[in-house]
**Q** 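Attaching a single structure in C-alpha cells format; questions to follow.
Each chain gets a letter, A, B and so on, in the order the sequences are listed, and its residues count up from 1.
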Amino acid sequence: MYVAVKGGEVAIDNAHQALAEARRGNTAVPDLTVAQIREQMGLAVARVMAEGSLYDPDLAALAIKQAWGDLPEAIFLVRAYRTTLPRLAVSEPVDTARMLVRRRVSATFKDLPGGQVLGPTFDYTHRLIDFALAAEGGPPPPRAPEADRPLDPAMPRIADILGAEGLIEEETPGQGETGGGANAVPDLTRQPLTYPAGRAVRLQALARGDEGFLLSLAYSTQRGHGNSHPFVGEIRMGEVAVEIVPEDLGFPVIIGDVTVTECQMVNQFAGSKTVPAQFTRGYGLTLGYNERKAMAMSLVDRALRHGELGQEAPAQDEEFVLSHADVVEASGFVQHLKLPHYVDFQAELDLVRRLRRATAEDEGNAVRASEAPT
Amino acid sequence: MITGSDNHADPQATGPSSGDMVSRRQRWMAALARAPVSRLEDALTGLVDVPIPQMLRSPEIGTIMVQARAGGTGGRFHLGEMAVSRCAVLVRAADGSALVGHGYVAGRDKRHAELAAVFDAMLQDPARHDALERDVIGPLLEAEADRRRRVLAQAAATRVDFFTMVRGD
C-alpha cells in the first residue's frame with residue numbers, strides 16, 4: 001500500500017533543476033533542436049509515436065528532447081498530452097494496398113508482382129561502426145539514386161494474391177462492422193480492457209504495446225513456446241492517406257498522410273475437422289517506420305489466435321500478453337516502487353520482527369523443553 | 001477511398017452537378033491539407049484582394065483516431081491517433097453571398113488550418129475559382145505529384161532480384 005507523503009518541495013524543485021542541467025549537458029556543445037531530432041532521429045520518433053499512440057513527429061521529437069532521450073518517458077509524455085486534446089473524428093480505415101511504398105519485401109515469394117523493394121534499411125549492412133559519421137560539418141550525403149521508371153503505385157498485397165487461390169485464410173470485415181458505424185469498433189482508450197478482448201482490441205493494444213515486450217514474446221514463439229513456423233508474407237512501409245468525414249461536410253476529405261509499417265506473417269495450419277489445410281495469418285501494423293515492432297506484433301497476433309486455432313503457450317495467453325504489453329502501465333507500476341513506502345514498510349518490518357521474536361521464543365521453549373528432566 | 005495521385009482529374013472537364021462539386025472540393029482540400037504552410041502564406045500574400053474572413057470556428061487542435069483493417073482487408077481496429085487542426089471561416093463572395101470554408105489538416109499548426117479554410121471558401125467563389133485553381137491548387141498538386149514520383153523512383157532504384165542458389169554436390 002502506498003501512503004501519501006508531504007513535504008520536500010524545495011528538494012523536489014532543486015532535483016528538477018538538476019535534471020534540466022544534466023539533460024542539457026555540456027553547454028559548450030550546441031543545444032539539440034527539435035527539428036534535428038525529428039529529422040535525424042527518425043526511428044526514435046517513430047517508436048514514440050507508435051507507442052505514444054499519437055502521430056505527430058514534432059511532438060514526439062520534443063518529448064524525446066524533454067525526456068533526455070528516454071523513450072518510455074517520452075512515450076508517457078505523449079500519452080499524457082494526448083489526453084488533453086479533444087477527439088474530433090474517427091478516420092475511414094487506411095488502405096495499405098494504396099500505400100506510397102518506400103519499402104516492400106517478401107520472404108516467401110521472390111518474384112512477386114511489383115518486386116522486392118529494399119528502400120531505406122539496415123538489412124545487408126555490415127554493422128560496422130562508421131567513423132566517417134564522426135566527422136561533422138561535412139557536405140550532406142549525395143541524393144540516393146533514382147530509377148528512370150518509378151514503381152507502379154498500384155502494388156498488390158501478397159496476402160490478397162494468395163487469398164485468391166484459397167490457400168490463405170481470408171480477412172473479411174468482421175461482425176459489428178455494419179450498421180454501428182465507427183462506434184461499433186471497440187476502443188481501449190475509451191473502454192477498459194476486458195477478456196476475451198477480441199481481435200480489434202488486441203490489435204489496438206499490440207499497435208501501442210511495448211516493442212521490447214512484444215519482441216521477446218515473438219521470440220519465445222519461435223523458440224518453441226507456441227509451435228508456429230512463420231514466414232514473412234510481406235512487409236511494406238510507406239505513406240497512406242488519412243481520410244475523415246467531417247460532420248459539417250458530410251463527405252470524406254484527406255487531411256494528410258501518415259507513414260505506417262505493415263507486416264503480414266503467414267503460418268502453416270494443418271487443418272481441422274471444419275477448416276481445410278491452409279496458411280493462417282498474423283497481422284502487424286504500426287504508426288511510423290517500426291519494422292521490428294510490426295514483425296513482433298504480427299507474430300504475437302498470430303500466437304493469440306490459439307483460442308481459434310487450439311494451442312497453448314505464454315505468448316498465446318491473451319490476458320497475460322495484453323495486461324503487460326503497455327510500456328506506460330508497466331513502467332509506472334515498476335517505478336512506483338521507488339516512491340516513499342515508509343508506512344507500508346514499517347508495518348512489514350514490525351511483522352518480521354514479531355515473527356523472529358516468536359520463532360526465537362519457540363526455539364527457546366524447545367531448548368528448555370529438551371533440557372528439562374524427563 | 002481517394003489517395004494522392006489518383007484524384008488529379010481535371011475539374012473543368014466535368015459538369016456542374018453537386019457530385020462533381022464534392023469531388024472538386026475533395027481534391028483541393030486534400031491539396032491544401034498536404035501543402036507546406038509557407039506556400040499557402042505566400043499564395044495569400046500574392047492575392048490582389050485578400051478577403052477578410054470571419055471566424056465561424058476558431059482554429060483548434062485535436063486528434064483523430066486512425067482506423068485500419070486486420071490483415072489490410074478484415075475487421076476494423078483503432079491503430080492510434082494523430083494530431084489534427086481544424087478551422088471554419090466565412091468569406092464573402094464577389095456577389096456578396098456567404099461562403100463557408102473548412103480546413104482540416106494533419107498536425108498542430110493552427111495557421112495551416114485557418115489558411116486551408118480561407119482558400120476552401122475562396123475556391124467556392126466562381127469569381128475567384130479559376131485563378132486560384134491555376135495559381136495555387138495546380139502548382140500544389142504538381143509539387144505533391146513530383147514528390148511522390150521521386151519517392152517511387154528512389155524506391156525503384158532499390159528493387160532487387162534475389163536468385164535461389166542451387167547447391168551443387
**Q** At a 4.5 Å cut-off on heavy atoms, which part of A:V201 comes close to chain B: side chain, backbone, both, or neither?
**A**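 Contact with chain B involves no heavy atom of A:V201 at all.
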**Q** To the nearest 0.5 Å, tell me how far A:Y55 OH sits from B:I64 CD1.
**A**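 The CD1 atom of B:I64 is 12.5 Å from OH of A:Y55, to the nearest 0.5 Å.
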**Q** Is it true that B:R147 and A:E239 have a side-chain N and a carboxylate O under 4.0 angstrom from each other?
**A**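 A salt bridge links B:R147 with A:E239.
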**Q** If you tally heavy-atom pairs under 4.5 Å against chain A, which of B:G107, B:A68, B:A70 wins?
**A**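 If we count pairs closer than 4.5 Å to chain A, B:A70 comes out on top.
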**Q** Please answer whether the main-chain N or O of A:P252 pairs with a side-chain N or O of B:Q26 as donor and acceptor at a distance below 3.5 Å.
**A**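 Yes, because the side chain of B:Q26 sits within donor-acceptor range (under 3.5 Å) of the backbone of A:P252.
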**Q** Is there a salt bridge (Lys or Arg N to Asp or Glu O under 4.0 Å) between A:D248 and B:R57 once you walk through the steps?
**A** CA-CA 11 Å; A:D248 31 22; B:R57 183 195 282 132; 3.1 Å; yes
**Q** Answer with side chain, backbone, both or neither: which region of A:T189 has an atom nearer than 4.5 Å to a non-hydrogen atom of chain B?
**A**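 Contact with chain B is through the side chain of A:T189 alone.
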**Q** Examine whether an atom of A:I244 lies under 4.5 Å from a heavy atom of chain B, and if so say whether it belongs to the side chain, the backbone or both; otherwise answer neither.
**A**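 Contact with chain B: side chain only.
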**Q** Pick from A:D187, A:L206, A:L203: which one makes a side chain to side chain contact (heavy atoms under 4.5 Å, CB included) with B:F77?
**A**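 Result for side chain to side chain contact (heavy atoms under 4.5 Å, CB included) with B:F77: A:L203.
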**Q** Nearest 0.5 Å, what's the CZ-CG distance between A:R149 and B:L152?
**A**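 The CZ atom of A:R149 sits 12.0 Å away from the CG atom of B:L152.
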**Q** Could you go step by step and tell me if A:I255 and B:V105 meet the side chain to side chain contact (heavy atoms under 4.5 Å, CB included) rule?
**A** CA-CA 5 Å; A:I255 61 154; B:V105 302; 5.8 Å; no
**Q** Is it the case that the side chain of A:R281 and the backbone of B:G71 share a donor-acceptor pair, with hydrogens and angles ignored and the cut-off at 3.5 Å?
**A**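 Flag set: sc A:R281 to bb B:G71 pair under 3.5 Å.
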**Q** Determine the option with the most heavy-atom pairs under 4.5 angstrom with chain A, choosing from B:A106, B:A156, B:G80.
**A**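 With the most close heavy-atom pairs to chain A, the winner is B:A156.
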**Q** Looking at CZ of B:R69 and CG of A:L285, how far apart are the two atoms once the value is rounded to the nearest 0.5 Å?
**A**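 These two atoms lie 13.0 Å from each other.
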**Q** For the pair B:R108 (side chain) and A:D56 (backbone), establish whether a donor and an acceptor sit closer than 3.5 Å, ignoring hydrogens and angles.
**A**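 No; judged by distance alone, with no hydrogens or angles, the pair does not exist.
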**Q** Checking heavy atoms, do the side chain of A:D160, its backbone, both or neither come under 4.5 Å from chain B?
**A**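 A:D160 touches chain B through side-chain heavy atoms alone.
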**Q** Against chain B, label A:A89 side chain, backbone, both or neither, depending on which of its atoms sit under 4.5 Å from a heavy atom there.
**A**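 Backbone plus side chain of A:A89, per the 4.5 Å heavy-atom cut-off to chain B.
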**Q** In terms of heavy-atom pairs under 4.5 Å with chain A, which of B:E60, B:E81, B:M82 leads?
**A**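 Most heavy-atom pairs under 4.5 Å with chain A: B:E81.
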**Q** Look at B:A33, B:A31, B:G72 and state which one has the largest set of heavy-atom pairs under 4.5 Å with chain A.
**A**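 Sorted descending by pairs with chain A, the first entry is B:G72.
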**Q** Taking B:H78 for its side chain and A:P186 for its backbone only, find out whether a donor-acceptor pair lies under 3.5 Å.
**A**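 Yes, B:H78 side chain to A:P186 backbone: donor-acceptor pair under 3.5 Å.
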**Q** Ignoring hydrogens and angles, tell me if any N or O in the side chain of A:S91 forms a donor-acceptor pair with the backbone of B:Q67 under 3.5 Å.
**A**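 Yes.
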**Q** Is the backbone of A:E171 close enough, under 3.5 Å, to the side chain of B:T73 for a donor and an acceptor to pair up by distance?
**A**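 The answer is yes, because a donor-acceptor pair under 3.5 Å joins these two groups.
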**Q** If you round to the nearest 0.5 Å, how far is OG1 of B:T63 from CG of A:L88?
**A**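 Rounded to the nearest 0.5 Å, the CG-OG1 separation comes out at 6.5 Å.
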**Q** I want to check something: taking the side chain as every heavy atom from C-beta on, are A:L151 and B:R159 in contact at a cut-off of under 4.5 Å?
**A**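 In short, these two side chains touch, coming nearer than 4.5 Å.
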**Q** Could you check which of B:R149, B:M29, B:H102 has the highest count of heavy-atom pairs closer than 4.5 Å to chain A?
**A**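 Of the options given, most contacts go to B:H102.
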